[in-house]
Peer 1: 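Starting off with a structure, shown below.
Just so we're on the same page: letters track the sequence lines, and every chain starts at 1.
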Amino acid sequence: MSERSLNINIPVLTRVEGEGALDLSIENGKIGELRLRIFEPPRLFEKFLEGRSHMEVPDMVARICGICPVAYQMSAVQALESILGLEPGPWLTDMRRLFYCGEWIESHSLHIHLLAAPDFLGFSNAIDLAGKHPDIVRRGLRLQEAGNAIVRLLGGRSVHPVGARVGGFWRSPTKADATRLLEELKTLLPQAEALVRWTASLPLPDEKQDFESVALGKAGEYPMNHGRIISSKGLDIDIAGFEKEFSESQVPHSTALHCHHNGQDYLVGPLARMNLNHDTLPDSTHKLAEETGICFPSANLFHSIVARALELHLALTEAIRLLQNYKPADTPYQQATHRAGIGFGATEAPRGILWHRYELDETGSIVSARIVPPTSQNQARIEADLRTALNNFGLDKPEADLRQHAETIIRNYDPCISCATHFLKLKIKQT
Amino acid sequence: MKNTLPRLAVHKFSSCDGCQLAFLNAGEALLTLSRRAEIIHFSEAGWENPLAKVDIAFVEGSISTPKDLERIKAVRESANTLVTIGACATAGGLQALRNGVKQFADWVGDVYASPEYIQSLPESRPISAHVKVDLELWGCPVTGKQVLDALGDLLNGITPVNSSEPVCSECKRSGHVCVLVSKKEPCMGPVTRTGCGALCPAFGRACYGCFGPAEQANTASLAKQFEHMGLSAKDISRRFLFITSATQPFSDTGHGYLEQEDV
């Protein structure tokens with residue numbers, strides 16, 4: 001039985017953002033071909049940006065991803081402001097962190113409840129899960145809505161918000177709106193605590209792997225909007241050095257480029273961030289992390305869902321802190337005079353480092369742009385993970401179990417194929 | 001008991017996934033929806049039956065590859081009522097900025113080392129360019145209310161109301177200060193379809209047209225106004241050639257100014 005060859009064909013991998021496929025063949029009891037195939041049509045945003053005014057960039061790059069538009073806007077404004085010589089003041093720094101907290105809460109809650117949780121509890125979708133565990137799904141939807149409400153406070157709407165601009169925000173929220181939201185968020189803190197405990201109680205496989213975690217760090221806080229690029233193997237560089245350190249290459253089976261560090265795959269996202277930055281968690285989140293019994297840094301990718309829940313708790317705690325002493329700004333944005341140059345931006349999107357580079361000419365127009373999203377950075381890691389994890393799982397397991405396990409592993413990474421360029425279908429070929 | 005609820009599908013083509021969030025961000029309404037209709041296909045939420053017959057199919061995304069083209073025909077075959085959601089499905093989306101670009105092949109080569117692996121149609125086009133569409137919901141993104149109201153009407157056998165009045169009307173009713181008049185900002189509100197809640201003017205900034213053209217939009221006149229305000233031909237063309245660049249009259253007005261710029 002262990003020497004068998006099989007053809008498994010899973011036409012579409014569901015519960016991921018965007019669409020893609022996995023080709024997997026098992027030949028004589030060994031994994032042959034294994035390719036995470038992404039064939040979402042390329043949308044060529046980098047080319048659309050050329051010749052546009054830098055003021056149009058936040059509205060344009062938001063459209064790369066409906067789940068994490070804030071991340072795109074924040075990496076972009078950071079890069080552009082560095083060229084224009086604008087320094088965000090304390091009010092803006094706080095409000096951008098608040099904005100980002102909203103997106104983390106929304107995206108993490110959506111992933112945990114609507115995409116990942118059915119895997120661990122034996123359901124195929126969240127509606128069926130809600131039939132059996134309505135309170136769990138309702139808690140998730142409430143937290144997701146709270147995240148959206150934070151984004152709406154500063155951005156007007158949660159998908160493709162209109163509030164952010166180069167230099168700040170177009171409008172400063174009123175004190176009354178901020179207070180109303182603050183009161184709502186406070187009531188949700190116990191729910192976020194319960195969520196962390198619940199994710200830690202899920203039947204998560206015990207599976208350790210050897211990989212390099214890469215995230216922003218040394219930010220003086222849990223990283224969202226700024227930091228250096230650090231890794232579990234001792235990397236510590238300015239974000240401007242990303243291109244020298246990490247290489248992007250194209251593979252025939254994907255419209256998303258593959259990233260490597262020193263020729264090896266690496267991990268970005270909640271688990272990588274938690275592994276490298278757990279010592280900067282606020283006390284209450286830190287205590288919860290200890291309670292889970294998981295010791296970070298963790299080499300178990302299945303702990304990603306717990307890291308995500310802890311980050312949701314952190315983001316909610318931070319949002320409450322930032323709203324507590326909120327005062328509207330007289331001037332929510334600064335204006336800059338045009339300046340030519342090259343600038344870099346790197347922020348922590350819900351799924352990991354989102355790196356941007358722009359060149360501006362003296363009229364303020366984009367000469368060139370380069371965007372490296374988190375999912376293309378995780379692509380090689382997902383393939384390496386699947387090879388190891390499916391072997392450990394046992395290639396002689398029933399086809400349906402192999403299929404389910406492969407999908408669960410992929411979902412640990414919460415791949416956003418819309419960002420990476422899109423499409424995920426799962427096709428396992430066992431010959 | 002046989003399930004006799006209306007059958008529902010949500011399909012995705014080339015897009016950012018943001019319009020499907022109208023369902024996934026709906027909160028409690030997402031749970032009640034499952035009592036009013038049976039979800040048959042919705043990949044992102046876990047249902048995978050792309051070819052099953054349905055009463056209503058919602059379609060996000062534009063058609064931009066040969067494979068998309070085959071798929072949308074199958075979707076049309078499978079659905080009694082086909083509703084497009086968002087700027088990509090309804091107008092070709094932001095990615096339609098590549099349409100008519102002579103250097104498109106070079107662009108692919110600039111982004112990808114081996115462009116021969118990339119399969120792409122020369123243009124990104126709306127669903128209605130390829131199959132019959134029963135209802136088009138505009139917006140980048142559509143709002144949850146827009147989608148759930150339309151769905152509610154369809155489930156009740158009512159033709160959904162689909163306003164095509166300009167942002168300006170909604171903006172005036174909301175009592176916002178006019179950014180075009182008072183701040184001399186190049187606001188697209190007079191020619192853009194409403195539905196967003198006049199969000200940009202509420203934030204003190206110019207509308208950038210993300211809901212596409214309003215009915216009988218006088219784009220030529222607005223463009224003239226932008227000229228008087230001192231915008232260059234290039235700046236004016238970019239106002240019209242953005243989120244829904246492939247839709248008339250934005251397309252003609254935008255390209256007209258683009259050509260002036262080239263001369």
Peer 1: Would you mind telling me which of A:Glu145, A:Glu103, A:Glu106 makes a salt bridge (Lys or Arg N to Asp or Glu O under 4.0 Å) with A:Arg152?
Peer 2: A:Glu145

Peer 1: Between B:Ser14 and B:Gly61 (side chain of the first, backbone of the second, donor and acceptor by atom type, cut-off under 3.5 Å), is there such a pair?
Peer 2: no

Peer 1: Check each atom of A:Ser53 against the heavy atoms of chain B and say whether the ones under 4.5 Å are side chain, backbone, both or neither.
Peer 2: both

Peer 1: Is B:Leu33 in contact with chain A via its backbone, its side chain, both, or neither, using a 4.5 Å heavy-atom distance?
Peer 2: neither

Peer 1: Go through the atoms of A:Phe45 and report whether side chain, backbone, both or neither lie under 4.5 Å from a heavy atom of chain B.
Peer 2: side chain

Peer 1: Could you tell me if the ring centre of A:Phe169 sits under 6.0 Å from that of A:Phe99?
Peer 2: yes

Peer 1: Side chain, backbone, both or neither: which part of B:Cys19 has a non-hydrogen atom closer than 4.5 Å to chain A?
Peer 2: neither

Peer 1: Which region of A:Asp59, side chain (C-beta onward) or backbone (N, CA, C, O), has a non-hydrogen atom less than 4.5 Å from a non-hydrogen atom of chain B, or is it both or neither?
Peer 2: both

Peer 1: With chain B, which of A:Ser172, A:Pro118, A:Gly155 has the greatest number of heavy-atom pairs at distances under 4.5 Å?
Peer 2: A:Gly155

Peer 1: So which of B:Asn25, B:Leu21, B:Ile39 has the largest heavy-atom pair count under 4.5 angstrom toward chain A?
Peer 2: B:Asn25

Peer 1: Would you check if B:His255 and B:Leu241 make a side-chain contact, meaning some heavy-atom pair closer than 4.5 Å?
Peer 2: yes

Peer 1: Check the surroundings of atom NZ in B:Lys183: do more than 12 heavy atoms from other residues, nucleotides or ligands lie under 6.0 Å from it?
Peer 2: yes

Peer 1: If I measure from the heavy atoms of chain B, does A:Glu50 come under 4.5 Å with its side chain, its backbone, both, or neither?
Peer 2: neither

Peer 1: Find the one option among A:Asn125, A:Ile127, A:Asp128 whose heavy-atom pairs under 4.5 Å with chain B are most numerous.
Peer 2: A:Asn125

Peer 1: Which word best sums up how the rings of B:Phe240 and B:Phe226 line up, parallel for under 30°, tilted for 30 to 60°, or perpendicular for over 60°?
Peer 2: tilted

Peer 1: Pick one: which of B:Asp68, B:Thr84, B:Thr65 meets side-chain contact (heavy atoms from CB on, under 4.5 Å) with B:Phe13?
Peer 2: B:Asp68

Peer 1: As an exercise: rank A:Arg157, A:Gln144, A:His160 by heavy-atom pairs under 4.5 Å with chain B and give me the winner.
Peer 2: A:Arg157

Peer 1: Heavy-atom distance under 4.5 Å to chain B: side chain of A:Ser368, backbone, both or neither?
Peer 2: neither

Peer 1: Would you say the ring centroid of B:Phe42 lies under 6.0 angstrom from that of B:Phe58?
Peer 2: no

Peer 1: Tell me, for A:Arg370 versus chain B, whether the close heavy atoms (under 4.5 Å) come from the side chain, the backbone, both or neither.
Peer 2: neither

Peer 1: Considering only heavy atoms and a distance below 4.5 Å, find which of B:Cys210, B:Ala87, B:Gly197 pairs most often with chain A.
Peer 2: B:Cys210

Peer 1: Heavy-atom distances under 4.5 Å only: say whether A:Leu154 touches chain B with side chain, backbone, both or neither.
Peer 2: backbone

Peer 1: Answer yes or no: is there a donor N or O on one side and an acceptor on the other, between the side chain of A:His356 and the main chain of A:Ile371, under 3.5 Å?
Peer 2: no

Peer 1: What option among A:Ala126, A:Gly51, A:Gly163 has the most heavy-atom pairs under 4.5 Å with chain B?
Peer 2: A:Gly51

Peer 1: Under 4.5 Å from any heavy atom of chain B, what part of A:Arg52 do you find: side chain, backbone, both or neither?
Peer 2: both

Peer 1: Output all residues satisfying salt bridge (charged side-chain N to carboxylate O under 4.0 Å, His left out) with A:Arg138, sequence neighbours left out; order by chain, then residue number.
Peer 2: B:Glu28

Peer 1: Please flag which part of B:Ala202 lies under 4.5 Å from any non-hydrogen atom of chain A: side chain, backbone, both or neither.
Peer 2: both

Peer 1: Within 45 degrees of the ring normal and closer than 6.0 Å to the centroid, is that where the cationic atom of A:Arg171 sits relative to B:Phe203?
Peer 2: yes

